[in-house]
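To start, the structure under review is shown below, and the notes come after it.
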Amino acid sequence: FHYCSYPFVSEPLLYPMSETSDVQIIETGDSVKVKQVLDDAAMEAIKEIGFDINYRSDNMKLSLMFLACVAAMIAQFFPMPFPENRIILGVCCGSYFLMSCVLQYIVTFIDKDTIAITSSFKGNSDSAHQLRIRATFPRFQDQYTVIVEYLDSNSSDKTTGEFYVGKYFTEEGEFDELGFQIDFKKHLKKFQNEQFKKFSYNHKSD
């Protein structure tokens with residue numbers, strides 16, 4: 001598999017878009033951009049199916065970044081000449097370093113590959129659990145892997161989906177957002193139906 005020159009689907013998209021639709025066109029050799037586009041489409045599908053996204057973790061990280069920036073600005077612009085401002089510089093630099101370390105720890109060891117944490121499912125009193133939705137797309141691979149699992153449970157139950165990216169991009173880099181979101185919603189439904197196993201989404205699964 002040669003990702004940068006990979007011949008994505010040559011047949012028409014599964015859900016053709018009109019000439020007036022806003023079609024995303026990206027460089028499919030850029031795996032980071034491909035994952036970003038798929039993550040964004042997945043987030044929209046999660047909200048459309050009726051889940052509320054829990055932004056508590058994102059808000060906490062933004063707050064840490066803001067405080068780190070404030071510490072850096074104080075160290076830079078505090079109206080006191082050096083060396084009289086040594087203590088202030090030390091406190092600000094130490095605070096910046098500490099908050100940066102905490103932020104990196106959260107991203108690396110807590111969030112990991114998480115793209116969304118949901119609250120309870122709308123209108124379904126039986127859905128008392130929050131969900132963690134994880135996604136990975138390693139470089140030079142053709143499978144976007146999605147794992148849906150319970151956040152607030154020790155259960156190992158999870159539903160894994162391998163989405164073949166060639167199904168959702170043309171050779172020109174046009175993204176079939178609707179087709180991807182339809183498959184993604186199917187995957188979420190399978191988790192709700194307690195189908196805890198691995199599924200593949202490719203041309204053969206149509």
(request) List the steps, then state whether side-chain contact (heavy atoms from CB on, under 4.5 Å) holds for Tyr55 with Ile117. (result) CA-CA 8 Å; Tyr55 294 104; Ile117 294 175; over 6 Å; no
Any salt bridge linking [X] with [Y]? Criterion: basic side-chain nitrogen under 4.0 Å from a carboxylate oxygen.
X: Lys61; Y: Asp111; result: yes
X: Arg134; Y: Glu149; result: yes
X: Asp183; Y: Lys167; result: yes

Spacing of [X] atom [atom1] and [Y] atom [atom2] [to the nearest 0.5 Å]:
X: Ile74; Y: Cys69; atom1: CD1; atom2: SG; result: 11.5 Å
X: Leu89; Y: Phe78; atom1: CG; atom2: CZ; result: 9.5 Å
X: Leu103; Y: Leu62; atom1: CG; atom2: CG; result: 9.0 Å
X: Ile49; Y: Gln181; atom1: CD1; atom2: CD; result: 11.0 Å
X: Asn202; Y: Tyr168; atom1: CG; atom2: OH; result: 8.0 Å
X: Glu48; Y: Lys185; atom1: CD; atom2: NZ; result: 4.0 Å

Minimum heavy-atom distance [X]-[Y], with the two atoms named:
X: Lys158; Y: Phe191; value: CA-CE1, 4.2 Å
X: Tyr96; Y: Ala68; value: CD1-O, 3.1 Å
X: Ile110; Y: Arg132; value: O-NH1, 4.0 Å
X: His187; Y: Gly161; value: CE1-N, 3.1 Å
X: Ile53; Y: Lys47; value: CG1-CG, 3.7 Å
X: Met80; Y: Glu84; value: SD-O, 3.3 Å

Do [X] and [Y] sit in the same hydrophobic cluster, where Ile, Leu, Val, Met, Phe, Trp and Tyr count as joined when their side-chain heavy atoms come under 4.5 Å apart?
X: Ile115; Y: Tyr150; value: yes
X: Val91; Y: Val102; value: no
X: Leu151; Y: Ile106; value: no
X: Phe175; Y: Met43; value: yes

Taking [X] for the side chain and [Y] for the main chain, is one N or O donor matched with an acceptor at less than 3.5 Å?
X: Asn85; Y: Ile88; result: no
X: Thr118; Y: Leu131; result: yes
X: Asn54; Y: Arg56; result: yes
X: Thr159; Y: Gln195; result: yes

Quick one: are [X] and [Y] in side-chain contact, heavy atoms under 4.5 Å?
X: Phe97; Y: Cys101; result: yes
X: Thr170; Y: Thr28; result: no
X: Val70; Y: Met73; result: no
X: Val34; Y: Phe169; result: yes
X: Phe184; Y: Ile133; result: yes

(message) Walk me through whether Lys33 and Glu27 qualify under salt bridge (Lys or Arg N to Asp or Glu O under 4.0 Å).
(response) CA-CA 8 Å; Lys33 183 61 178 179; Glu27 172 53 58; over 6 Å; no
(request) Would you sort out whether Glu162 and Lys198 count as a side-chain contact (heavy atoms from CB on, under 4.5 Å), showing the intermediate values? (result) CA-CA 8 Å; Glu162 292 185 342; Lys198 182 181 290 187; 3.6 Å; yes
(request) Walk me through it: do Val32 and Phe137 pass the test side-chain contact (heavy atoms from CB on, under 4.5 Å)? (result) CA-CA 8 Å; Val32 175; Phe137 183 54; over 6 Å; no
(message) Consider side chain to side chain contact (heavy atoms under 4.5 Å, CB included). Of Thr145, Val146, Val148, which one does Thr160 pass it with?
(response) Thr145
(request) Could you give me the CA-CA distance, side-chain angles and deciding distance for Lys35 and Asp30, then say whether side-chain contact (heavy atoms from CB on, under 4.5 Å) is met? (result) CA-CA 9 Å; Lys35 184 177 186 303; Asp30 185 350; over 6 Å; no
(message) Just checking Phe180 against Phe163, ring centres under 6.0 Å apart?
(response) yes
(request) Taking the six-membered ring of Phe199 (Phe, Tyr or Trp), confirm whether the NZ or CZ of Lys190 is under 6.0 Å from its centre and within 45° of its axis. (result) yes
